[in-house]
Amino acid sequence: MTYARLLGTGSYLPERVLSNEALSLTVETNDAWIRSRTGIAQRHLHGAGQTTSDLAYEAALRALQDARLEPDDIDLIVVATTSPDMVFPSTACLLQAKLGVKSGVPAFDIQAVCTGFLYALSVVDQFIRAGSARRALVVGAETFSDLVDWTDRNTCVLFGDGAGAVILGAAEEPGILASRLHADGRYAHLLSAPGKFVQGRFEGTPVVQMDGGAVFKFAVKVLDQVCREVLEACHMTAADVDCFVPHQANIRIIEATADKLGVPHDKVVRTVSQQGNTSAASVPLALDHARRQGLAHAGQNALLAAVGGGFTWGAALLRL
Ligand code: UT7
């Protein structure tokens with residue numbers, strides 16, 4: 001049997017930092033409200049001209065270095081993003097060219113908003129187990145700040161930019177122990193950026209529209225459910241989780257999910273205070289943070305989970 005194993009991780013946050021204090025000078029909000037309702041203290045924003053594939057490139061270089069591999073070793077590239085550089089080609093193709101990954105290697109994007117990285121991980125796991133790839137680059141990257149109305153205090157305080165990358169390799173020992181993906185398009189209206197180009201003119205709105213309370217309730221319900229699904233698939237319980245790496249949208253969602261599952265808070269990776277919600281980038285950013293800070297070690301079980309627009313949601317259990 002062939003399985004997918006984690007060979008390396010990397011991440012990148014753009015230099016520019018926007019604190020709650022700075023944000024409260026331009027929109028009717030304040031640090032106390034943002035911290036108490038979301039846990040966010042600051043977020044990173046991309047520089048002028050810096051695109052999603054630029055952030056993905058920096059994260060990918062670090063993941064390659066961590067895995068001690070060269071771009072030439074990669075035989076599949078998948079990028080999860082909702083803020084691609086352009087309508088087409090895909091951000092994955094642009095990243096392939098920037099990295100100098102050899103011609104012919106397949107590259108494509110996956111769009112499942114904040115669950116995008118879990119979708120990408122699960123798809124690549126299946127490529128590797130089927131023998132269709134041996135060394136895959138999987139990236140979650142976003143310039144999500146471009147999808148936000150910076151005059152809408154209900155949404156603009158929540159999001160940030162960044163990228164996280166992992167290298168998955170074919171191995172004889174299982175690394176991705178189980179993964180589960182779900183979607184329910186009946187909830188599309190609760191979290192969306194409902195616009196598109198029609199004959200060269202933009203119709204609708206290109207920025208995030210959200211019923212925050214409804215998203216919050218749904219998130220806490222399905223994150224717990226999908227985490228239990230992957231644990232059951234592995235005949236494990238929350239007690240077997242060494243490191244919980246949830247999507248970083250809101251500290252209250254993260255801690256409520258950990259409490260429902262029964263994972264102690266010292267095993268929960270929390271980066272939301274420094275990064276905000278970076279959508280598809282948040283889980284790989286948090287995983288890289290956990291490995292580099294010594295919160296997650298080789299041989300441990302890491303539980304990854306996310307929920308986002310669609311609605312989409314998913315989880316994966318990794319043996320590091
Ligand atoms: O990745 C998945 C995507 N999204 C999420 O996961 C977000 C899920 N939802 C949430 O995180 C929370 O629902 C929010 C952080 C968005 C909002 O928190 P909440 O506790 O649900 O607050 P609320 O919507 O009930 O708003 C309470 C009050 C309102 O004022 P009134 O109507 O009670 O007078 C808002 O107008 O807070 C007001 N408010 C703000 N005040 C200061 C909303 N945004 C702000 C703000 N600063 N930025």
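All values reported here derive from a predicted model rather than from experimental measurement.
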Aromatic plane relationship, Tyr187 with Phe311 - under 30° parallel, 30 to 60° tilted, over 60° perpendicular: parallel

Whether Phe108 and Phe127 hold their rings parallel, tilted or perpendicular, with breakpoints at 30° and 60°: tilted

Single-linkage hydrophobic cluster, 4.5 Å side-chain cutoff, Val123 and Leu304 together: yes

His182 and Glu229 side chains, donor-acceptor separation under 3.5 Å: yes

Residue Phe88 excluded, over 12 heavy atoms near CZ under 6.0 Å: no

SB check Arg319 Glu173 (cutoff 4.0 Å): no

Exercise: do Asp85 and Ser53 side chains pair donor with acceptor under 3.5 Å: yes

pair Thr151-Cys156: side-chain heavy atoms closer than 4.5 Å: no

Positive for side chain to side chain contact (heavy atoms under 4.5 Å, CB included) with Val272, one of Ile40, Asn250, Thr38: Ile40

Sub-4.5 Å side-chain heavy-atom contact between Gln111 and Thr81: no

Over 12 foreign heavy atoms within 6.0 Å of CD, Glu70: no

Criterion side chain to side chain contact (heavy atoms under 4.5 Å, CB included) on His44 and Gln42, from CA distance to verdict: CA-CA 7 Å; His44 291 251; Gln42 62 170 46; 3.7 Å; yes

Within 6.0 angstrom of Lys217 NZ, more than 12 heavy atoms from elsewhere: no

Flag for Glu142-Ser279: side-chain donor and acceptor within less than 3.5 Å: yes

Hydrophobic cluster of Ile167, others only, ordered by chain and residue number, side-chain cut-off 4.5 Å: Leu7, Tyr57, Leu61, Leu64, Leu69, Ile74, Ile77, Val79, Leu95, Leu99, Val101, Val105, Leu137, Val139

Heavy-atom pair with the smallest gap, counting every atom of Gly262 and Ala238: O-CB, 4.0 Å

Exercise: do Asp125 and Ser122 side chains pair donor with acceptor under 3.5 Å: no

Same apolar cluster: Ile253 and Leu285, side chain cutoff 4.5 Å: no

Sequence-distant partners of Asp54, salt bridge (Lys or Arg N to Asp or Glu O under 4.0 Å), two or more places apart: Lys98

Enclosure of Arg16 CZ (heavy-atom neighbours >12, cutoff 6.0 Å): no

Carboxylate-amine/guanidinium contact Arg291 Asp66, below 4.0 Å: yes

His46 versus Asp146, side-chain donor and acceptor atoms under 3.5 Å: yes

Exceeds 12 heavy-atom contacts within 6.0 angstrom, atom CZ of Arg134: no

Minimum-distance pair of heavy atoms, taken over all atoms of Ala107 and Gln96: CB-OE1, 4.1 Å

Polar side chain donor-acceptor pair, Asp259 to His265, under 3.5 angstrom: yes

Asn301 and Leu177: CA distance, side-chain angles, deciding distance, side chain to side chain contact (heavy atoms under 4.5 Å, CB included) verdict: CA-CA 9 Å; Asn301 296 324; Leu177 304 180; 4.0 Å; yes

Test applied, side-chain hydrogen bond (donor to acceptor under 3.5 Å, both in side chains); reference residue, Thr143; option that passes from Thr82, Thr51, Thr52: Thr52

Residues Arg43 and Asn20: side-chain donor-acceptor under 3.5 angstrom: yes

Stepwise side chain to side chain donor-acceptor pair (under 3.5 Å) check, Ser282 with His247: CA-CA 6 Å; Ser282 100; His247 172 49; 2.6 Å; yes

